[in-house]
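What follows is one structure encoded as structure tokens, with my remarks underneath.
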Amino acid sequence: MITVRAMQVKDAEQVSELEKMIFSQPWSYQGFVDSLSLPNTVFLVAEENNKILGYIGMYLSIDEGEITNVAVSPEMRCHGIGGMLLAEAKKEAESRSVGRIVLEVRCSNDSAIRLYERNGFVNHGVRKGFYELPKEDAYIMIYGQ
């Protein structure tokens with residue numbers, strides 16, 4: 001059974017390995033460890049049998065959240081894990097009186113865009129040249145007010 005829970009330092013190794021597998025400019029192990037120690041962050045993992053299948057990170061500032069990364073292991077995509085992670089992150093944001101969540105997504109990442117739209121995010125514009133390796137624009141997507 002897949003469970004979603006708060007990320008712990010002991011998870012950083014698996015998470016950073018998954019990050020390296022998925023992203024062209026991955027966060028480091030230390031980047032995750034450092035972020036976990038900050039007071040206004042939410043990092044969650046989806047886990048089954050002690051294996052991290054996906055994760056989400058969000059920084060909180062007053063009444064706004066910014067999703068920093070969402071990733072699901074390639075072999076576990078299309079199993080609802082991304083939606084589970086987003087739902088739990090939205091609940092955590094709501095419990096902290098965060099009314100708006102923002103994220104950027106590569107304009108070419110159709111599956112992620114559909115996932116975000118299914119979870120109530122709306123496209124609010126484009127950040128030109130936001131991504132490197134390869135250079136690409138990003139859609140700015142927002143959930144809430």
Side-chain angles (χ1 to χ4, degrees), residues 2 4-48 51-94 96-145:
I2 298 169
V4 176
R5 61 168 175 78
M7 186 186 298
Q8 301 169 10
V9 172
K10 70 179 178 119
D11 302 318
E13 187 172 329
Q14 282 190 67
V15 167
S16 64
E17 288 302 313
L18 190 53
E19 177 90 354
K20 282 190 259 185
M21 184 183 354
I22 294 171
F23 296 108
S24 62
Q25 293 185 287
W27 281 33
S28 68
Y29 166 86
Q30 195 60 49
F32 284 106
V33 170
D34 292 348
S35 291
L36 288 171
S37 68
L38 298 172
N40 292 317
T41 61
V42 173
F43 279 82
L44 305 170
V45 295
E47 175 186 58
E48 185 174 48
K51 182 176 181 188
I52 303 298
L53 307 176
Y55 58 91
I56 189 168
M58 181 170 53
Y59 288 144
L60 306 174
S61 176
I62 307 172
D63 63 347
E64 184 173 281
E66 179 183 358
I67 292 181
T68 58
N69 36 17
V70 179
V72 175
S73 177
E75 67 270 9
M76 293 304 296
R77 291 182 184 159
C78 299
H79 288 85
I81 295 169
M84 291 170 66
L85 289 163
L86 281 168
E88 287 302 313
K90 287 171 19 182
K91 283 182 198 173
E92 185 64 30
E94 186 178 317
R96 298 185 191 204
S97 301
V98 169
R100 176 174 130 133
I101 302 172
V102 179
L103 60 82
E104 287 92 10
V105 60
R106 284 184 183 271
C107 292
S108 65
N109 194 343
D110 294 331
S111 60
I113 293 165
R114 284 192 308 273
L115 169 68
Y116 300 138
E117 288 173 341
R118 281 193 308 271
N119 283 275
F121 285 80
V122 176
N123 185 340
H124 280 267
V126 175
R127 290 197 200 280
K128 294 286 185 188
F130 182 79
Y131 289 103
E132 301 287 333
L133 302 174
K135 189 80 164 167
E136 187 174 350
D137 297 344
Y139 288 131
I140 303 161
M141 300 189 78
I142 299 174
Y143 172 84
Q145 274 60 288

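Every heavy atom of this structure was used, including side-chain atoms; hydrogens, water molecules and symmetry mates were not.
- Two rings, from Tyr116 and Tyr143, have their centers 6.0 Å or more apart.
- Side-chain contact between Met141 and Val102: absent, with no pair of heavy atoms (C-beta onward) separated by less than 4.5 Å.
- Counting non-hydrogen atoms of neighbouring residues, nucleotides and ligands closer than 6.0 angstrom, the CD atom of Glu48 exceeds 12 such neighbours.
- For the pair Val122/Ile142, no side-chain contact is recorded, criterion being any heavy-atom separation below 4.5 Å from C-beta on.
- You'll find the side chain of Leu18 reaches within 4.5 Å of the side chain of Ser73, heavy atoms only.
- The 12-atom threshold is not exceeded at OH of Tyr139, counting heavy atoms of other residues, nucleotides or ligands nearer than 6.0 Å.
- Ala93 and Ile101 make their closest contact through CB-CD1, 3.9 Å (heavy atoms, listed as atom of the first residue, atom of the second, distance).
- Taking the six-membered ring for Trp and thresholds of 30 and 60 degrees, Phe43 and Trp27 have ring planes inclined between 30 and 60 degrees apart.
- Residues Ile56 and Asn69 have side chains not in contact (no heavy-atom distance under 4.5 Å, counting atoms from C-beta outward).
- With Asp137 as the partner, the salt bridge (Lys or Arg N to Asp or Glu O under 4.0 Å) test is satisfied by one option alone out of Arg106, Arg127, Lys128: Lys128.
- No side-chain N or O of Tyr131 forms a donor-acceptor pair with one of Ser24 less than 3.5 Å apart.
- Of the listed residues (Ile62, Asp63, Leu60), just one forms a side-chain contact (heavy atoms from CB on, under 4.5 Å) with Val98, and that residue is Leu60.
- A side-chain contact (heavy atoms from CB on, under 4.5 Å) with Val42 is found for one member of Met7, Glu88, Glu92, Lys91 and no other, namely Glu92.
- Using a 4.5 Å heavy-atom threshold, the side chains of Phe121 and Val105 count as separate.
- Counting only heavy atoms from C-beta outward, the side chains of Ile2 and Glu47 never approach each other to under 4.5 Å.
- In this structure, Pro74 and Met21 have side chains that are in contact, with non-hydrogen atoms separated by less than 4.5 Å.
- Inspection of the Ser108 and Glu136 side chains reveals an N or O donor paired with an N or O acceptor under 3.5 Å.
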